[in-house]
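Just below is one structure, and these are the notes that go with it.
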Amino acid sequence: MGIQKIETGHQDTVHDFQMDYYGKRIATASSDHTIKIIGVSNNSHQQLATLSAHQGPVWQVAWAHPKFGSILASCSYDGKVIIWKEGNQNEWSQANVFDDHKSSVNSISWAPHELGLCLASGSSDGNIMVYTMRSDGGWDSIKIDQAHPVGVTSVSWAPATAPGALVAAGLHDPVQKLCSGGCDNTVKIWKLNGGIWKMDCFPALQMHTDWVRDVAWAPNLGLPKSTIASASQDGKVIMWTVAREGDQWEGKVLNDFKTPVWRVSWSLTGNILAVADGNNNVTLWNEAVDGVWQMVSTVDS
């Protein structure tokens, strides 16, 4: 696998980059208040567009599933969530601006496409918002009030199929769950029930001793359990697992990186976890047959 260095053209720190579904374009988010769309091919890359509308650092970007068209979401220190839509090729416009949050929006996550066009956002105001597009093109919003009262740092959706359920069966209603991490050092699970989001784990998952910086719910692809990875300022990544609905989640330390851990990200199949830490290292981990997680690779920068 070759490594390609990409010049983003940003004037300040890049906080996030996300490859689109087909691996042809990257969206980047920066402290310079802009988002860049960059086309990538085998050995080359080119700047395709610059999206400017935020009035503060942009923390995260997220591509929607292509079945909904070419759509990108972004969130910023300015308290806004923006939905961008591509009309003509490389011509982007703001389709929606959500300003429900009262302070920095730190994280966004699109729901599995089976749930429709649906986005969760987490903010320093302590709240999580869930936005769902209606068939008439308007949006409904539900607030999870004071999800983490001292601030939400990260949100991640559960897969739409329950653990162990065969995707092909298609008989089950899709699962509507998400997890969040916060400045209260906890990870929480939320479930939509009768139009209201309620906490689905008691008590909150607490093994970290400092801010949870990121959470990532693993794709399950028919695996018999649910898995969430959480990364913290305390230097640890913790793997949380539960076998069946209603059981207690169990946490196990993947590794102590001895430096803040910023991001965790799963491969599409859910068997490899990428970890980005405060020493600018990215390491890849997978689970051995005996359930022990091992580092399989370091990504050289």
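Note: Y21 and H65 meet the aromatic proximity criterion, with ring centroids under 6.0 Å apart.
Under the 4.5 Å side-chain contact rule for hydrophobic residues, W157 and L192 share a cluster. V81 and L72 are members of different hydrophobic clusters when ILVMFWY side chains are connected at heavy-atom separations under 4.5 Å. Taken together through direct or relayed side-chain contacts under 4.5 Å among Ile, Leu, Val, Met, Phe, Trp and Tyr, V105 and I71 form part of one hydrophobic cluster.
For CD of E250, the number of neighbouring non-hydrogen atoms (other residues, nucleotides, ligands) closer than 6.0 Å is 12 at most. Atom NZ of K67 has more than 12 neighbouring heavy atoms from other residues, nucleotides or ligands inside a 6.0 Å radius.
Closest approach of V264 to A229, counting heavy atoms only: CG2-O, 3.8 Å. The two residues S103 and S123 have their closest heavy-atom pair at O-OG, 3.2 Å. Considering every non-hydrogen atom in both H101 and N127, the closest pair reads CE1-O, 3.4 Å.
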Could you give me the CA-CA distance, side-chain angles and deciding distance for S230 and D214, then say whether side chain to side chain donor-acceptor pair (under 3.5 Å) is met?
CA-CA 6 Å; S230 62; D214 199 19; over 6 Å; no
Apply side-chain contact (heavy atoms from CB on, under 4.5 Å) to M19 and W63, showing your working.
CA-CA 8 Å; M19 193 163 264; W63 295 93; 5.7 Å; no
Salt bridge (Lys or Arg N to Asp or Glu O under 4.0 Å) between E287 and K225, worked out:
CA-CA 13 Å; E287 189 177 11; K225 62 183 179 183; 3.2 Å; yes
List the steps and the verdict of side-chain contact (heavy atoms from CB on, under 4.5 Å) for W240 and M207.
CA-CA 10 Å; W240 305 92; M207 279 176 65; 3.7 Å; yes
For W217 and W249: C-alpha separation, side-chain torsions, deciding distance, then whether ring pair (Phe, Tyr, Trp, His ring centres under 6.0 Å) applies.
CA-CA 13 Å; W217 202 311; W249 286 82; 5.6 Å; yes
Assess the residue pair R25 and S70 against the criterion (side chain to side chain donor-acceptor pair (under 3.5 Å)); give the C-alpha distance rounded to whole Å, side-chain angles, the decisive distance to 0.1 Å, and a yes or no.
CA-CA 11 Å; R25 295 186 294 181; S70 192; 3.0 Å; yes
Would D200 and K198 satisfy salt bridge (Lys or Arg N to Asp or Glu O under 4.0 Å), going step by step from the backbone distance to the final call?
CA-CA 6 Å; D200 196 48; K198 292 186 174 158; over 6 Å; no
Begin with the C-alpha distance, continue with both residues' side-chain angles, and end with the deciding distance and a verdict on side-chain contact (heavy atoms from CB on, under 4.5 Å) for I189 and L205.
CA-CA 8 Å; I189 320 288; L205 309 184; 4.2 Å; yes
Take I108 and L119 through the side-chain contact (heavy atoms from CB on, under 4.5 Å) test and state the conclusion after the steps.
CA-CA 7 Å; I108 46 175; L119 184 77; 4.2 Å; yes
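Listed for the N193 side chain is no donor-acceptor partner under 3.5 Å among the backbone atoms of I196. When atom types are taken as modelled, the side chain of K188 and the backbone of A147 share a donor-acceptor pair closer than 3.5 angstrom. For the pair W285 (side chain) and I272 (backbone), a donor-acceptor distance under 3.5 Å is absent. S76 contributes a side-chain N or O that, together with a main-chain N or O of P57, makes up a donor-acceptor pair within less than 3.5 Å. No side-chain donor-acceptor contact under 3.5 Å links Q248 to the backbone of V242. The closest donor-acceptor contact from the side chain of Q55 to the backbone of A53 lies under 3.5 Å. Between the N279 side chain and the N281 main chain, no donor and acceptor come within less than 3.5 Å of each other. Side-chain atoms of D78 never come within 3.5 Å of backbone atoms of H54 as a donor-acceptor pair (strictly under, hydrogens ignored).
Put simply, the side chain of W293 reaches to within 4.5 Å of the side chain of M239, judged on heavy atoms.
In this structure, a donor-acceptor pair under 3.5 Å is absent between the side chains of R213 and S107. Counting only N and O atoms by type, the side chains of D16 and Q18 include a donor and acceptor under 3.5 Å apart.
Residue V237 forms a side chain to side chain contact (heavy atoms under 4.5 Å, CB included) with just one option from V253, D277, L273, D256, and that option is L273. Just one of N185, T186, D184, D234 meets the side chain to side chain donor-acceptor pair (under 3.5 Å) condition when paired with H208; it is D234. Across V275, N255, L254, T283, a single residue satisfies side chain to side chain contact (heavy atoms under 4.5 Å, CB included) together with M295, and that is T283.
Between K85 and E91 no salt bridge is recorded (no basic side-chain N to carboxylate O distance below 4.0 Å).
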Compile the donor-acceptor pairs under 3.5 Å between side chains in residues 92-100 and protein atoms, sequence neighbours left out, one pair per line.
residue: N96; atom: OD1; partner: W139; partner atom: NE1; Å: 3.0
residue: D100; atom: OD2; partner: Y131; partner atom: OH; Å: 2.7

Acceptor/donor pairs from residues 26-36 side chains to any protein atom, 3.5 angstrom cut, sequence neighbours excluded:
residue: T28; atom: OG1; partner: H10; partner atom: NE2; Å: 2.6
residue: T28; atom: OG1; partner: K36; partner atom: O; Å: 3.4
residue: S30; atom: OG; partner: D12; partner atom: O; Å: 3.3
residue: S30; atom: OG; partner: T13; partner atom: O; Å: 2.9
residue: S30; atom: OG; partner: D32; partner atom: N; Å: 3.0
residue: S30; atom: OG; partner: D32; partner atom: OD1; Å: 3.2
residue: S31; atom: OG; partner: H15; partner atom: NE2; Å: 2.6
residue: D32; atom: OD1; partner: H10; partner atom: ND1; Å: 3.3
residue: D32; atom: OD1; partner: T34; partner atom: N; Å: 3.0
residue: D32; atom: OD1; partner: T34; partner atom: OG1; Å: 2.7
residue: D32; atom: OD2; partner: H10; partner atom: ND1; Å: 3.0
residue: D32; atom: OD2; partner: Q11; partner atom: N; Å: 2.9
residue: D32; atom: OD2; partner: T34; partner atom: OG1; Å: 3.4
residue: T34; atom: OG1; partner: H10; partner atom: ND1; Å: 3.3
residue: K36; atom: NZ; partner: T50; partner atom: OG1; Å: 3.2

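With a 4.5 Å cut-off between side-chain heavy atoms of Ile, Leu, Val, Met, Phe, Trp and Tyr, the cluster of W59 takes in Y77.
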